[in-house]
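Each chain gets a letter, A, B and so on, in the order the sequences are listed, and its residues count up from 1. Owing to the predicted nature of the structure, the values given are computational and were not obtained by experimental measurement.
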Amino acid sequence: MSKIKPQSGAFSFTLTRARKWFLVAAVFIQLSVLYPVYSWFGAAEPLIAGFPPSFAWIIFVLLLSFLAIILLYRADYAKPNKPAIRNRASAKTPPEPNTDS
Amino acid sequence: MDTGLVILLIVGAYLLISLLAGILPGLRVSGSVDGYVAGDRSMSVFLLYFVIGASIFSSFAFLGGPGWAYSRGAAAFYILAYGVTGIIPLYFFGPRAWRLGKKFGYVTQAELLASRFDSKLLSVLLAVLSVVVFIPYLTIQMKGAGYVLNVITEGLIPEWIGAGITYIVVMIYVYYSGVMGVGWSNAFQGMFMMVLAWVLGLYLPNALYGGIGPMFEAISAAGKDAMLQAPGLTADGSPWSWMAFSSAVLVSAIGFSVWPHFFMRSFAAKSDKALRLSIVLYPTFQIFLVPILLIGFAAVVLYPGITPADSILPFMLMQIELPAIVIGLFCAGTLAASMSSGDAILHSAASVGVRDGIAKIVKTPLTDAMERRLIRLGVILIGFIAYLFAVVGDVSLVALLLASYGGVAQIFPVVFAMFYWKRATKAGAMWGLGAGIVVNLFFLMNPELKPWGLHEGVYGLIANAGLLILVSLITKPDDPDRVHRFTEESRE
């Protein structure tokens, strides 16, 4: 996933603040279903709302990623006072409205 | 009324509605290849949502999901885990692909890549890779359909007839309507499956144990705690290793968004916003895997030792005294799962095979009408080949499908470089993709040589990304105008 900084000029990312936060969240979300994080929450007992922790954790993470992507979508398509998406070229000059990825 | 008759009537009615839902939209799209492959770029959020969502509900999920939960316990959470982030890249890739498609007329993934890296060979390579991974995928869908009809009718309908009838319906609407047929039939099939998954997934634990909690307690009480502990068991019942689980999740998450049939739906969207919204809503489809897995867990204590594990869902339904109408609905639901994936794969395999494979090899350029005719011919041919495998093939195809994820994941680095890395070159892309496929294949065939027991796709991806970067940096940069089109013009 895109974790490389955009400033080098060799890349073409459209990174808004919301998107940076989202990508950081996505990395954590991905890590939370892999070893070792998942192993901390992967026990068989005690049941949480009827589900073993190993199952409940995955459902929780799924809901979390759903929330994260909804927030990203809302930020990307917000009707802003200031533009939601600002591209790299316009970073030094006043930002242009509605430049999308 | 006789149980068998009720079931057949319901299945018949379901097939008829699917056929109508699939054929009618074909009357409205244009007769061009654009209309057939990308639905004239007119799909609304409603249709896209179901087309993207239906890809998760295949025969594999409907029968294999409960089968995994039943035989391998927590290992089945793998299916949920990779989808958590797997869809995210498409949120960023999709609108870029859509804008380029709208501006320059692309309708497939291979077309985009071949154009960015100016290589016919790349196009043909991707076409071959796609068709090779699609055929076993399609075969599994067909086998699932035949299998369920056979079990539910207690052998009245042999598997080859069940698979045959179901896929004749699919072939008719895909042949006739192209992607819009796939879209509308998936919308109908998707709604049907959603209801069914929740009803069965909540009903079975309640009816058999008095609730979800008591069901898991019963599994623990039976001394099967190891099963519920992440990452579950392997197929032979020993604990699955964390390294194998984590790397399988990672490779599948990377491969998910670049599956050619999935990726190319981006081109069918009405707008980039519609595409994004349907991707944002995707987890609502994914959460339906939860009741599906509960069905499998419900069988662990009550019906031990059923083989093959994938038959656990139809097996349970035959054990419990259910009204014929419920069994009929379930049967139609499983067919919907099979068909909604099968039609998309059939459509994509034919489109990609012709447009990116054959059209690039022949000397004289194909006319639009000729291309559309060839794609339709491809639908019949590929459907027939997959059917032959389904009727005469054996179980090893499931392994082949799981293995194909490692191959598909190799497309990710070049897609990423196409949109974001200006310095990527043709030579870099070819070496990266080529090495990724070869290394993946090598470790697939020689699993004993794998260091640390990771998924073979990981080694492929390391070689792939490494060579893509290295070779790109030591070769002359690609034509800046062409690069600009893909990295900058795709932005807005």
Side-chain angles (χ1 to χ4, degrees), chain A residues 1-2 4 6 8-14 19 22-23 26-27 29-55 57-59 61-70 72-74 76-77 85 87-89 96 98-101, chain B residues 73-74 77 80-85 87-89 91-92 95-96 99 211-217 219-220 224-232 242-243 245-247 249-250 253-254 272-273 276-277 279-280 282-284 286-287 290 293 297 416 419-423 486-488 490-492:
Chain A
M1 227 147 287
S2 48
I4 311 159
S8 68
F11 297 97
S12 159
F13 298 120
T14 313
R19 287 186 170 191
F22 175 77
L23 289 177
V27 169
I29 285 168
Q30 180 66 76
L31 290 177
S32 68
V33 293
L34 303 175
Y35 183 81
V37 184
Y38 186 27
S39 72
W40 304 333
F41 301 92
E45 287 173 302
L47 297 188
I48 299 164
F51 288 84
S54 55
F55 202 169
W57 178 250
I58 293 278
I59 297 173
V61 172
L62 178 63
L63 295 176
L64 207 63
S65 77
F66 187 32
L67 179 71
I69 203 165
I70 288 174
L72 172 68
Y73 179 80
R74 285 187 47 149
D76 272 356
Y77 291 95
I85 295 168
N87 66 29
R88 188 173 33 74
E96 297 154 20
N98 282 333
T99 322
D100 204 1
S101 87
Chain B
F77 304 151
L80 275 167
Y82 75 76
V84 165
T85 50
I87 189 79
I88 291 172
Y91 183 91
F92 298 101
R96 286 191 180 235
R99 284 180 211 115
I212 294 168
M215 175 179 81
F216 284 116
E217 276 163 11
I219 294 174
S220 288
K224 299 199 172 179
D225 251 3
M227 192 175 210
L228 297 180
Q229 185 149 6
W242 271 111
M243 283 301 138
F245 173 85
S246 300
S247 58
V249 168
L250 201 60
I254 290 171
D272 55 349
K273 196 177 174 187
R276 282 226 166 100
L277 186 56
I279 292 167
V280 167
Y282 178 77
T284 59
Q286 211 182 9
I287 200 85
V290 172
L293 296 184
F297 282 115
F416 184 84
F419 291 135
Y420 298 105
W421 192 34
K422 297 172 193 165
R423 192 59 183 80
F486 283 86
T487 54
E488 295 300 324
S490 67
R491 281 166 76 138
E492 54 187 299

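To the nearest 0.5 Å, the span separating CD1 on A:I59 from CD1 on B:I287 amounts to 6.0 Å. To the nearest 0.5 Å, atom OG1 of residue A:T14 and atom CZ of residue B:F419 are 12.0 Å apart.
Heavy atoms of B:F486 lying under 4.5 Å from chain A are absent altogether. Residue A:F41 does not touch chain B at all, counting heavy-atom pairs closer than 4.5 Å. Looking at A:S39, the atoms closer than 4.5 Å to chain B (heavy atoms on both sides) sit in the backbone and in the side chain alike. Contact of B:L293 with chain A is made through the side chain alone, with heavy-atom distances under 4.5 Å. There is no contact between B:M215 and chain A, counting heavy-atom distances below 4.5 Å.
When the candidates B:G232, B:A230, B:G73, B:G213 are compared by the number of heavy-atom contacts under 4.5 Å with chain A, B:A230 comes out ahead. For the set A:L47, A:L62, A:L64, A:I69, the count of heavy-atom pairs under 4.5 angstrom toward chain B peaks at A:L62. Counting heavy-atom pairs closer than 4.5 Å to chain A, the top residue among B:I87, B:I212, B:V249 is B:I212. Looking only at heavy-atom pairs under 4.5 Å with chain A, the residue among B:L277, B:T487, B:L250, B:L80 that has the most is B:L277.
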Working for side chain to side chain contact (heavy atoms under 4.5 Å, CB included), residues A:Y38 and B:W242 | CA-CA 9 Å; A:Y38 186 27; B:W242 271 111; 3.5 Å; yes
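No donor-acceptor pair under 3.5 Å is formed between the side chain of B:R276 and the backbone N or O of A:Y73.
Looking at heavy atoms from C-beta onward, B:L228 lies in side-chain contact with B:F297 at the 4.5 angstrom threshold.
Residues B:F245 and A:Y35 place their aromatic rings such that the two centres sit no closer than 6.0 Å.
The aromatic rings of A:F51 and A:F55 sit perpendicular to each other, their planes meeting at more than 60°, with 30° as the lower class boundary.
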